[in-house]
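Note sheet for the following structure.
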There are 4 protein chains.
Amino acid sequence: MAYRRSALMEERLAGNRVRITKAARQLVAQGGFRGASIAAVAKAAGLSTGAIYRYFPSRAALFVEVLEEAVRRECELLTAITGGAGSAEQRLCAAVESFTRRAVEGPNLAYAFIAEPADPQVEAARLLAREAFSDIFKRLLRRGVASGEFPRQSVEVSAACIVGAFTEALAHPAPRAIRRMDSGKRIEAIVEFCRRAVLGRPRATG
Amino acid sequence: MAYRRSALMEERLAGNRVRITKAARQLVAQGGFRGASIAAVAKAAGLSTGAIYRYFPSRAALFVEVLEEAVRRECELLTAITGGAGSAEQRLCAAVESFTRRAVEGPNLAYAFIAEPADPQVEAARLLAREAFSDIFKRLLRRGVASGEFPRQSVEVSAACIVGAFTEALAHPAPRAIRRMDSGKRIEAIVEFCRRAVLGRPRATG
Amino acid sequence: MAYRRSALMEERLAGNRVRITKAARQLVAQGGFRGASIAAVAKAAGLSTGAIYRYFPSRAALFVEVLEEAVRRECELLTAITGGAGSAEQRLCAAVESFTRRAVEGPNLAYAFIAEPADPQVEAARLLAREAFSDIFKRLLRRGVASGEFPRQSVEVSAACIVGAFTEALAHPAPRAIRRMDSGKRIEAIVEFCRRAVLGRPRATG
Amino acid sequence: MAYRRSALMEERLAGNRVRITKAARQLVAQGGFRGASIAAVAKAAGLSTGAIYRYFPSRAALFVEVLEEAVRRECELLTAITGGAGSAEQRLCAAVESFTRRAVEGPNLAYAFIAEPADPQVEAARLLAREAFSDIFKRLLRRGVASGEFPRQSVEVSAACIVGAFTEALAHPAPRAIRRMDSGKRIEAIVEFCRRAVLGRPRATG
DNA sequence: CATGAATGAGAATTCATTCAT
DNA sequence: TATGAATGAATTCTCATTCAT
């Protein structure tokens, strides 16, 4: 007798999936991949270890999904900003500010996902993630250079450097000097650094 | 009657130590700390696992030494450059170029050592390493700002961003677009990015 | 929806725990702590090495529990006897006989647990065990001396000597001459030795 | 060309052998067999690990020899005392006192060698050692019983109990109550315990 | 479908023993 | 002969994955 999967069941399944990814995300943000053992994820999600494997074929696959989910969200926001209204300069600054602000406020996924080595599978996903971030900035830079708003430069390298710059400046644990700064000032300084790096001129004042 | 340790033996011992650290360095550069198990290091060094412990008291201690060695060398070179002759701008560019060139040429330690979490012991060493790099650039920036050669900026953040920028731009595996670039051009672009970021003005041409 | 742990599973878990401690006890009795490696215990219990760690946090903890369990049982019996009815002499003899009889019948834990050095954790537990045995005899001796039934003596030393005397006389592997004795006679002789040692007079004969 | 082993060399060899056994004895006395690794013995003897194997075929063989040496010395002294002049009672007391006094004064070999399990080879040697001690007391007891000075008793068991009694009462770490006693009083109490146990009557006073 | 007990392949580390120098 | 570097098997413990209930 085949059981029909009820709507209720569907919801529960979806809910579990979300709880698992959320738990994984938080654990990775706190202690890196090392701290996010299947047992820990299961406990945090309120499920058994076995249940995890009903939703994900392996630990690596789980983290790939978590990473992709986080990156997708980030990319959507960044794309909205970089493709929005305003001068290229304004959009660049808004994008950097938006990214860094979320990284500072939320648990810092960016760090673990951009930097920490892991399974080859996760590694591949991370490479793609970095490229995805890079690509968004690259498009913006290309347009800015084309319109003459930005000076000529290697947009490939500039995009990667931007990603690297804010990653490092935000990474936990950050150098002591930076940890002491007010986070608003810190974000502003990062934005300013990237602006200067791309535009090659000081902020127009007055 | 004590037997004197022969010169030959001395050499062999020193050679083993070097082989171990070299193997560790390469394995970390390739696959992170995870891939650098004692067994793997021993095999790569052409020794048994037990032999490693004759040279290093623990796995963590081995990696701390490898890290510190790499950082020390790098810092000496950077300090020589940033404290040398020329304008602040010239010294900044020379420092970035020097660092990136070595990173491109050698196996990329910077990546694993600046970013990847590991043992608490290694973690502590890495934090110090990042601060050490940062400090060197910070001093240079501070002097440049003081002399009026560089515009006012948060030297803390700028220094961290510089380190992050070239780390990311060099990190293996780098984005495809960058890997395709000629390494000379890549280095030049990175230098140029940092120069603009700090000076906030285009390169004076002709 | 939490699945209730079935009664069957409960039983199996409890059974495993018992099998583990039993295996540990037997192995220690046979070959000391040295022979009771986790692998050996697991094999004897019909489990994998990993499974042991679901029941005990460490090898030391396992042995501490086994020791404490054995000592607790023994102390309860001894206390019941030494605090029971009859003259102090009768209770002393009954206690020694009870202890030695069980030691002869069961696998000889007393030996390993009273004598063999091991982990600091186990060591601490063993010291307490020896003192626990000693204390029971000490109380009995003290009362006997106070009532005038026993001659004046160092109850500290006498208690320790009693424990040592029967431990040695029972220890596996015992001297050949003793192993050849009928166990009933052996027990009787041990009891008699302790009786004389404490009372300092021959058994009153009808 | 065959080298004749010079007298000087002979002496050095003998000296090394003694240094090794002495180092082993001390280390075992301090930390049991566990603490007496070949490396530790070699270091304490001022030799290399390899050199140990020139004098002893294995670690076990070394400890067997050390044990046998200690036991031989002890047995000689005990035999001299138990076979000497005086009443059986006097000789019993003198023997117990002599043994316990040396155990208290010297590093406590008795403990490790009488009680601690080790290699099967050492185990066998220890069994023999215990029997050797036992035998000496057994002979004394037998003569005392034969002459009517001691009451009838199982000399096998009594001898083992005597060995066990003083071993326990001397064992490090001894129960707290005993450790606090003055060592002279402790020895006296042990002797008295054994005397009463064998003779079954209080010390004749006055 | 959910559970979590069990598995078993490593991981780091230790140490008796060997052997080139 | 003495040295001590090197070996490698053994040990404790971890954790992704499986599967009986």
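From a predicted model like this one, the values you see are computed outputs, not experimental measurements. To find a chain, count down the sequence lines: A is the first, B the second, and so on, and within it residues start at 1.
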Distance criterion of 3.5 Å, no angle test: do you see the side chain of D:Thr49 paired donor-to-acceptor with the base of F:dA5?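 Counting by modelled atom types and ignoring angles, a donor-acceptor contact under 3.5 Å is found here.
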Whole-Å gap separating [atom2] ([N]) and [atom1] ([X]):
| X | N | atom1 | atom2 | answer |
| --- | --- | --- | --- | --- |
| B:Glu11 | E:dA20 | CD | C1' | 16 Å |
| B:Leu47 | F:dG8 | CG | C1' | 13 Å |
| B:Ile20 | F:dA5 | CD1 | P | 12 Å |
| A:Arg17 | E:dC1 | CZ | C1' | 16 Å |
| C:Arg19 | E:dA5 | CZ | C1' | 13 Å |
| B:Lys43 | F:dT7 | NZ | P | 14 Å |
| B:Phe33 | E:dA11 | CZ | P | 16 Å |

Under 4.0 angstrom, heavy atoms only, what part of the nucleic acid is C:Ile38 near: base, sugar-phosphate, or nothing?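 Answer is sugar-phosphate: C:Ile38 comes under 4.0 Å of backbone atoms only.
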Please work out if C:Ile52 contacts a base, only the sugar-phosphate, or nothing of the nucleic acid, heavy-atom cut-off 4.0 Å. nothing
[X] side chain N/O closer than 4.0 Å to the phosphate oxygens (OP1, OP2) of [N]?
| X | N | answer |
| --- | --- | --- |
| A:Arg59 | F:dA16 | yes |
| A:Tyr53 | F:dC19 | no |
| A:Asn16 | E:dA2 | yes |
| A:Tyr55 | E:dC1 | no |
| B:Arg54 | F:dA5 | yes |
| A:Ser48 | E:dT3 | yes |

Rounded distance (nearest 0.5 Å) linking atom [atom1] of [X] with atom [atom2] of [Y]:
| X | Y | atom1 | atom2 | value |
| --- | --- | --- | --- | --- |
| A:Ser48 | A:Tyr53 | OG | OH | 11.0 Å |
| C:Arg72 | C:Glu65 | CZ | CD | 7.5 Å |
| C:Lys43 | C:Leu27 | NZ | CG | 11.0 Å |

For C:Ala39 and A:Ala51, take the nucleotide of DNA chain F holding the closest heavy atom to each; which residue's nucleotide lies nearer the 5' end?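 Going by which nucleotide is closer to the 5' end, it is C:Ala39.
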Please report the shortest heavy-atom distance between C:Arg19 and C:Ala45, naming the atom on each side. NE-O, 3.4 Å
Checking base pairs now: Watson-Crick or wobble, both atom distances under 3.5 Å. What partners E:dA20? F:dT3
Matching residue for B:Phe56 among B:Leu62, B:Val41, B:Ile38 - test: side-chain contact (heavy atoms from CB on, under 4.5 Å):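 For B:Phe56, the side-chain contact (heavy atoms from CB on, under 4.5 Å) check succeeds only for B:Leu62.
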